[in-house]
Amino acid sequence: MHAGEDADSLDQATREFLAARPQLFGIAYRVLGSAVEAEDILQEVWMRWQNTDRTDIVEPAAYLATITTRLAINLAQSARVRRESYVGPWLPEPVDTSQDPQIGAERAEALELAVLLLLEKLNPVERAAYVLREAFDYPYKQVADILETSEPNTRQLVSRARKHLAAERRARVSPADHRRLLEVFLTAAQTGDLAALEDVLAADVVSYSDGGGLRGASKIPVAGRPHVSKYLVAFAPRFWPESDVRWVEANGQPAVLVSSDGSPVALLSVDVSAEGIEQIMWMMNPAKLAPYVASLSD
């Protein structure tokens, strides 16, 4: 509390911050692909908010969103360097969306794990522009102010991001079809049924295991239907017999939490198009899996 500030003012500041918090988390998480890093940003925003002269701030939520976005962009720029030394494939950190299906946003854009993975290929400013516009429906003028750029440039940033995603993604399927394909896939993977696996996988399917160097996680993505199906069949006898599965929700989609002896070992999620399963994502890194499991509503 800075000099001359009373308790009422701080209570008001706290209320304003808490009201904006779901949206602030939603912005930071989408820009960073990490719930843990998003929470760190929010701590920093809260510290700054307490120490700001708030008398002239007309729209606290807009002010807080601006600080959050700028801090997230800065962190994303340094995170890119760290990810270059990450062992094996890097996947976004999953979040439980069962309580807040859109994580603080106007709509659930830029929330699916496969989309967050694609957004990694954009620079952090393009990514932030896309997130603010598509998920939070901010007017271009406001996005431009937050990013300290012009409105035409902001439109260009968003358009580039949209084109990138459109080029990389095929038509989606309904949530019911997504769940059904994941069920069929899970049974086929558990039983090592090669024909059934080949039936549900898209021709250019990729399987990613994010183990962060963990023993047993593949250090390189496995690509193509023949390779992926054989790989899954090969590890079925070692992986599944000791495991329990629980259906959960991650990033707005059905997912499967795999545990062994009561300890979570992997979160399995898939990206599905009309062609079949396009991506299989195994989150096995304990540092990224633990916060997700802890947040699950029992």
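A donor atom on one side chain and an acceptor atom on the other are found under 3.5 Å apart for Thr55 and Asp53. If you check the side chains of Ser98 and Glu249, you find no donor sitting under 3.5 Å from an acceptor. Side-chain contact annotation: Glu39 with Gln43, donor-acceptor N/O pair under 3.5 Å absent. For the residue pair Arg246 and Ser259, no side-chain donor N or O sits within less than 3.5 Å of a side-chain acceptor on the partner. Tyr29 and Asn251 share a donor-acceptor pair across their side chains, judged by distance under 3.5 Å alone.
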Going through the distances and angles, do Leu119 and Tyr130 end up as a side-chain contact (heavy atoms from CB on, under 4.5 Å)?
-> CA-CA 9 Å; Leu119 290 178; Tyr130 179 81; 3.9 Å; yes
Can you check salt bridge (Lys or Arg N to Asp or Glu O under 4.0 Å) on Asp145 and Lys141, steps first, answer last?
-> CA-CA 6 Å; Asp145 290 346; Lys141 165 106 184 60; 3.2 Å; yes
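Of all heavy-atom pairs between Val248 and Val256, the closest is CG2-N, 4.2 Å. Between Arg133 and Arg107, the shortest heavy-atom contact is O-NH2, 3.7 Å. Considering all non-hydrogen atoms of both residues, Ala110 and Val131 come closest at CB-CG2, 4.4 Å.
Sparse packing is recorded around CG of Asp261, with 12 or fewer heavy atoms of other residues, nucleotides or ligands lying under 6.0 Å away. Within 6.0 Å of atom NZ in Lys219, more than 12 heavy atoms from other residues, nucleotides or ligands are found, so the atom counts as buried in its surroundings.
Residues satisfying the ring-ring contact (aromatic ring centres under 6.0 Å, His included) test with Tyr140, not counting sequence neighbours, are none. With sequence neighbours left out, Asp100 forms a salt bridge (Lys or Arg N to Asp or Glu O under 4.0 Å) with no residue at all. Legend: residues meeting salt bridge (Lys or Arg N to Asp or Glu O under 4.0 Å) with Glu242, ordered by chain and number and at least two apart, are absent. By the salt bridge (Lys or Arg N to Asp or Glu O under 4.0 Å) test, Arg169 pairs with Glu112, Asp271, sequence neighbours left out.
Screening residues 148-175 for ring pair (Phe, Tyr, Trp, His ring centres under 6.0 Å) gives no qualifying pairs among residues at least two apart or on separate chains. For residues 186-206, the side chain to side chain donor-acceptor pair (under 3.5 Å) pairs, not counting sequence neighbours, are Arg170-Asp204.
Ring centers of Trp49 and Phe17: at least 6.0 Å apart, outside the cut-off. The ring of Tyr231 has its center no closer than 6.0 angstrom to the ring center of Trp282. Note: Phe235 and Trp240 fail the aromatic proximity criterion, with ring centroids not under 6.0 Å apart.
Among the candidates Glu109, Glu134, Glu126, the single residue satisfying the salt bridge (Lys or Arg N to Asp or Glu O under 4.0 Å) test with Arg162 is Glu134.
Under the 4.5 Å side-chain contact rule for hydrophobic residues, Leu18 and Ile103 share a cluster.
Annotation: cation-pi geometry satisfied between Arg179 and Trp247 (NZ/CZ under 6.0 angstrom from ring centroid, within 45° of ring axis).
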